[in-house]
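I have placed the structure first, in the form of structure tokens, so that the comments after it can refer back to it.
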Number of protein chains: 2
Amino acid sequence: MDAGTSPRERYRAQVRAEIKQHAWEQLATTGVAALSLNAIAKQLGMSGPALYRYFASRDELITDLVRDAYRSLADTVRSAFDAGADVAGLAHAIRKWALDDPQRYLLIYGTPVPGYHAPDDTTTISDKVMVVLIDAFAAQPRNGPVSAPASRRALSFWTRVHGVLSLELAGHFAGMDVDPAQLFADEVDTLL
Amino acid sequence: MDAGTSPRERYRAQVRAEIKQHAWEQLATTGVAALSLNAIAKQLGMSGPALYRYFASRDELITDLVRDAYRSLADTVRSAFDAGADVAGLAHAIRKWALDDPQRYLLIYGTPVPGYHAPDDTTTISDKVMVVLIDAFAAQPRNGPVSAPASRRALSFWTRVHGVLSLELAGHFAGMDVDPAQLFADEVDTLL
DNA sequence: CGCTTGAGTTAGAAGCTATAACCAGACGAG
DNA sequence: CTCGTCTGGTTATAGCTTCTAACTCAAGCG
């Protein structure tokens with residue numbers, strides 16, 4: 001196994017992984033806006049510009065993190081679906097994933113960085129999440145006599161989940177005397 | 001009128017207004033993350049640290065902008081309500097306000113800046129928006145036999161509006177062959 | 001065994017927020 | 001009218017950021 005990997009390549013891959021590891025830790029605490037390559041380099045014991053051997057720019061590192069976040073979410077939803085969860089189960093799996101690392105959720109679904117434009121393949125990966133949701137709604141028994149197509153219902157599902165979830169993560173329910181978990185559950189129930 | 005204002009105070013107020021004017025322009029194009037006090041100072045013809053005579057820090061300027069944004073949104077929704085708009089009308093007024101300056105919407109309802117903590121009075125102002133919504137739902141004729149209180153329905157309204165709106169502003173409907181306006185209208189309709 | 005490749009270094013440019021020290025002009029009090 | 005204070009502006013500077021350039025040194029490949 002790993003026949004074609006030279007020692008150099010393996011070292012490089014490992015350092016890249018360590019960089020991303022520290023990037024995730026820093027991201028979880030400070031958010032993506034304050035993610036500093038210098039700080040990561042210091043934590044790794046190397047100084048400043050050495051990181052540019054592994055990531056051409058700060059944006060490229062962030063792009064990699066975005067890709068991984070999308071993949072992680074898609075995998076989470078997919079495995080929940082494969083485990084037999086219904087649509088409501090998927091919603092709670094998504095919420096659990098988001099609360100597990102709020103900054104990771106905000107990284108992909110939060111305010112986009114104005115200058116930064118995501119590469120095409122990230123949008124391809126982001127579609128994977130929607131694909132699972134559409135599958136789930138196609139398998140879901142329909143309620144009314146005439147019902148919107150699964151893709152349309154999945155989209156509506158997604159906007160509602162994101163609506164309550166993003167407001168919760170942003171702390172907009174703070175002084176409002178409302179239980180976010182209950183509100184989320186209620187909002188999911190109205191979809192059925 | 002303006003009896004107690006000395007010439008100094010009037011000048012100071014005017015410069016503050018000019019600073020905020022340029023801040024809004026810069027915000028609309030580059031977003032809050034890239035808002036630069038230096039750049040604003042240059043545009044005003046003064047150099048760098050002079051701005052600190054008017055705003056103690058970058059955060060204080062942003063706080064002022066946040067306050068104004070909340071006020072503007074609350075006024076918009078209030079006047080729409082006073083003009084006789086129903087709940088759906090309020091939703092479209094909100095969407096119009098958001099599309100009019102997306103960065104202004106994201107400033108208050110987007111990803112919060114990790115270090116920055118909003119002062120108490122900004123949350124007080126943000127409540128004003130909810131108050132109008134609750135008023136609108138209290139005036140709305142109820143549909144079902146038993147219905148949730150107006151505050152609860154207003155909250156649900158708000159999460160749905162924000163859900164579809166924030167995804168639209170973030171560009172997450174880009175390659176999805178979906179009309180955001182239609183999706184928004186549909187989502188609002190399901191509330192009735 | 002030598003040559004090439006690449007990982008790491010320091011130096012430095014350009015930008016940012018923010019503070020310190022200073023200067024000059026306008027304002028209010030006597 | 002004059003004097004002193006207060007304030008809006010300046011430049012210099014510290015410390016942070018991303019990122020480029022030039023260089024060194026060692027590891028790996030042929």
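Letters A, B, ... are given to chains in the order of the sequence lines, protein chains preceding strands, and every chain is numbered from 1. In this text, all values refer to a predicted model and were calculated from it rather than measured experimentally.
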Item to complete: Whole angstrom is fine here: how far is it from CZ in A:Arg12 over to C1' in D:dG28?
Response: 15 Å
Item to complete: Return the value, rounded to whole Å, for the distance between atom CZ of A:Arg10 and atom P of D:dG28.
Response: 11 Å
Worksheet item: Do B:Ile134 and B:Val129 share a hydrophobic cluster, counting only Ile, Leu, Val, Met, Phe, Trp and Tyr and linking them when any side-chain heavy atoms are less than 4.5 Å apart?
Response: no
Worksheet item: Under 4.0 Å between a Lys/Arg side-chain N and an Asp/Glu carboxylate O for B:Asp75 and B:Arg78?
Response: no
Worksheet item: For A:Pro49 and A:Arg53, take the nucleotide of DNA chain D holding the closest heavy atom to each; which residue's nucleotide lies nearer the 5' end?
Response: A:Pro49
Discussion item. If the threshold is 4.0 Å, N to carboxylate O, is there a salt bridge linking B:Arg71 and B:Asp68?
Written reply: yes
Worksheet item: Rounded to the Å, how far apart are A:Tyr52 OH and D:dT20 P?
Response: 7 Å
Worksheet item: Reckon B:Leu35 touches a base, only the sugar-phosphate, or nothing at all at heavy-atom distances under 4.0 Å?
Response: sugar-phosphate
Worksheet entry | Whole-Å distance separating the OH atom of B:Tyr54 from the P atom of D:dT10 | 10 Å
Worksheet item: Can you tell me how far P of D:dT10 sits from CE of B:Met46, to the nearest Å?
Response: 7 Å
Worksheet item: How many Å lie between NZ on A:Lys42 and P on D:dC16, as a whole number?
Response: 6 Å
Discussion item. Taking the six-membered ring for Trp, are B:Trp158 and B:Tyr109 closer than 6.0 Å centroid to centroid?
Written reply: yes
Item to complete: To the nearest Å, give me how far apart CG (A:Leu51) and P (D:dT17) are.
Response: 12 Å
Item to complete: Could you list where the contact with chain A starts and ends along DNA chain C, reading 5' to 3', using a 4.0 Å heavy-atom cut-off?
Response: C:dT5 to C:dA11
Fill in: Contact under 4.0 Å: B:Arg8 side-chain N or O vs D:dT7 OP1/OP2
no
Discussion item. Main chain of B:Leu27, side chain of B:Thr30: is a donor-acceptor contact present, judged purely on distance under 3.5 Å?
Written reply: no
Worksheet item: Is the charged tip of A:Arg95 near the ring of A:Phe184: under 6.0 Å from the six-membered ring centre and within 45° of its axis?
Response: yes
Discussion item. Here's a test of your reading of the structure: between A:Ala56 and B:Tyr11, which maps to the more 5' nucleotide of DNA chain D?
Written reply: B:Tyr11
Fill in: Side-chain N,O (B:Ser47) to OP1/OP2 (D:dT10) below 4.0 Å
no
Worksheet item: Between D:dG8 atom C1' and B:Gln14 atom CD, what is the distance in whole Å?
Response: 14 Å
